[in-house]
Amino acid sequence: MASATIIQRLRAFTSCDIGDALVKLRYPFGGFLDGITMWSPERRAGQAKMFGPVITVKMVEVSDRSAPSPARHFADFNEEGKVMYVQQPKGLYSACWGGLMSTRASHLGASGVVIDGRMRDVNEHRELNFPVFARDTSILGSNTFTRASEINVALQVAGDLWINPGDYLVGDADGVVAVPPSLMESVVQICEERAEIDRKTVEALHRGDEIGPTIKRLRKA
């Protein structure tokens, strides 16, 4: 488990900063949730940031009657300061998250939601100023298409990249990155070191130095 101090220090960094650190640590895909982008409160713009430990939700197609069902609506599992990651079966053209769900999640104090699939009601999320990240949108709701099955289970994103309950998700205008607690301290250390190097690089560029030699001089790896 990462300490409260380490978690707070991680908050200072962008998804890009964290992804670069995870690449250096050889974490699969640098923790990058490829194809998932910000739709609210703005479309891939602004200073809004989503940050928090994850609650995972596995969706299944309605026709799958063998899969278990949660005791209550999956949106009610949101918690203050946490991020819900909802994984929809691939290839569906329906949404599995809408405005009512963001209304509930926002009331519960959730930090945001990541939809590995489609969402709808874009303007409703923006009116709430609630962070929503997704692969795409749809005009169709989940009814007759998908239903929630399991809560807080490990979910495979791609290849060796999995999201486990308790991992941290960080999202901003550039995208979403998953950070396992076991690597958080190393990530923070790399990010802080790189931030100082970047500061010196920017100063050199403002002086008129060429970017190639500057990066070669300041970035050792």
Side-chain angles (χ1 to χ4, degrees), residues 14-16 18-19 22 27-46 48-52 54-64 67 74-75 77-78 82-106 110-126 128-165 167-179:
T14 67
S15 61
C16 295
I18 295 167
L22 287 169
Y27 192 65
F29 301 97
F32 177 44
L33 274 57
D34 186 21
I36 297 179
T37 58
M38 178 192 287
W39 290 85
S40 173
E42 298 182 73
R43 179 68 177 125
R44 302 176 80 168
K49 187 173 184 179
M50 174 193 71
F51 181 99
V54 70
I55 298 170
T56 65
V57 179
K58 180 181 180 180
M59 307 291 287
V60 297
E61 295 190 42
V62 168
S63 59
D64 184 354
F74 73 93
F77 285 91
N78 277 283
K82 295 190 177 183
V83 175
M84 181 164 278
Y85 170 81
V86 183
Q87 190 174 79
Q88 183 181 34
K90 296 185 185 304
L92 294 183
Y93 53 88
S94 58
C96 63
W97 187 271
L100 295 178
M101 297 171 194
S102 277
T103 300
R104 177 59 173 157
S106 179
S111 178
V113 64
V114 176
I115 309 300
D116 196 341
R118 297 175 182 264
M119 51 81 80
R120 70 175 188 171
D121 305 324
V122 174
N123 287 331
E124 292 182 31
H125 309 296
R126 292 178 179 174
L128 291 165
N129 200 39
F130 186 70
V132 177
F133 295 75
R135 290 195 176 278
D136 212 330
T137 62
S138 174
I139 61 168
L140 304 175
S142 60
N143 187 35
T144 76
F145 293 100
T146 58
R147 65 176 179 84
S149 177
E150 297 177 85
I151 310 294
N152 273 338
V153 294
L155 295 174
Q156 184 181 24
V157 179
D160 292 331
L161 178 59
W162 290 70
I163 293 181
N164 297 284
D167 286 354
Y168 273 67
L169 293 185
V170 181
D172 53 30
D174 287 303
V176 182
V177 63
V179 190

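This is a predicted model, so every value here is computed, not measured.
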- Should the pair F145 and Y93 be assigned to parallel (<30°), tilted (30 to 60°) or perpendicular (>60°) ring geometry? perpendicular
- Any donor-acceptor pair under 3.5 Å linking the side chain of N129 with the backbone of R126? no
- Query: Has the side chain of N78 got a donor or acceptor atom that lies under 3.5 Å from a matching backbone atom of A105?
  - Reply: no
Taking distance alone, no hydrogens or angles, what donor-acceptor pairs closer than 3.5 Å link side-chain atoms of residues 151-165 to residues at least two apart or in another chain?
| unit_1 | atom_1 | unit_2 | atom_2 | d |
| --- | --- | --- | --- | --- |
| N152 | OD1 | T56 | N | 3.3 |
| Q156 | NE2 | G159 | O | 2.8 |

- Query: Taking side chain as C-beta onward, heavy atoms only, is M59 less than 4.5 Å from Q87?
  - Reply: no
- Query: Shortest non-hydrogen contact from D34 to R135?
  - Reply: O-NH1, 2.7 Å
- Message: Within this structure, what is the CG-CZ distance for the pair D64 and R147, rounded to the nearest 0.5 Å?
- Response: 6.0 Å
- Query: Once you round to the nearest 0.5 Å, how far does CG of D174 lie from CZ of F32?
  - Reply: 9.0 Å
- Are any non-hydrogen side-chain atoms of V60 and E150 less than 4.5 angstrom apart? no
- Shortest non-hydrogen contact from P131 to S111? CG-O, 3.4 Å
- Quick one: does K49's side chain get under 4.5 Å of V170's, heavy atoms only? yes
- Item | Spatial distance of atom CD1 (I36) from atom CG (D136) [nearest 0.5 Å] | 11.5 Å
- Item | pair L33-D116: side-chain heavy atoms closer than 4.5 Å | no
- Flag side-chain contact, heavy atom, 4.5 Å: T137 against V122: yes
- Specify the closest pair of heavy atoms between A134 and G117, including all atoms of both residues, with the distance to one decimal. CB-O, 3.8 Å
- Donor on one side chain, acceptor on other, D172 and S15, under 3.5 Å: yes
- Message: I'd like to check V114 versus M50 (side-chain heavy atoms, cut-off strictly below 4.5 Å). Are they in contact?
- Response: yes
- Side-chain contact, heavy-atom cut-off 4.5 Å: F74 with M84? yes
- Message: Under a plain distance cut-off of 3.5 Å, with no hydrogens placed, do R120 and S94 share a side-chain donor-acceptor pair?
- Response: no
- Message: Return the OG to CG distance between S40 and L128, rounded to the nearest 0.5 Å.
- Response: 7.5 Å
- Considering all heavy atoms, the nearest V86-C96 contact: CG1-SG, 3.9 Å
- Message: How close do R118 and S138 get, counting heavy atoms only, and between which atoms?
- Response: CD-CB, 3.9 Å
- Message: Rounded to the nearest 0.5 Å, what separates atom CD in E124 from atom CE in M119?
- Response: 9.5 Å
- Query: Side-chain donor-acceptor pair under 3.5 Å between S102 and W97, yes or no?
  - Reply: yes
- Mind checking what makes ring-ring contact (aromatic ring centres under 6.0 Å, His included) contact with F29, not counting sequence neighbours? none
- Check for a donor-acceptor pair, side chain of R44 on one end and backbone N or O of G175 on the other, with a separation under 3.5 Å. no
- Query: Any side-chain heavy atom of V177 within less than 4.5 Å of one from L169?
  - Reply: no
- For the pair F51 and Y168, evaluate side chain to side chain contact (heavy atoms under 4.5 Å, CB included) and give the outcome as yes or no after the intermediate values. CA-CA 7 Å; F51 181 99; Y168 273 67; 3.8 Å; yes
- Roughly how far, to the nearest 0.5 Å, is OH of Y85 from CD1 of I115? 9.5 Å
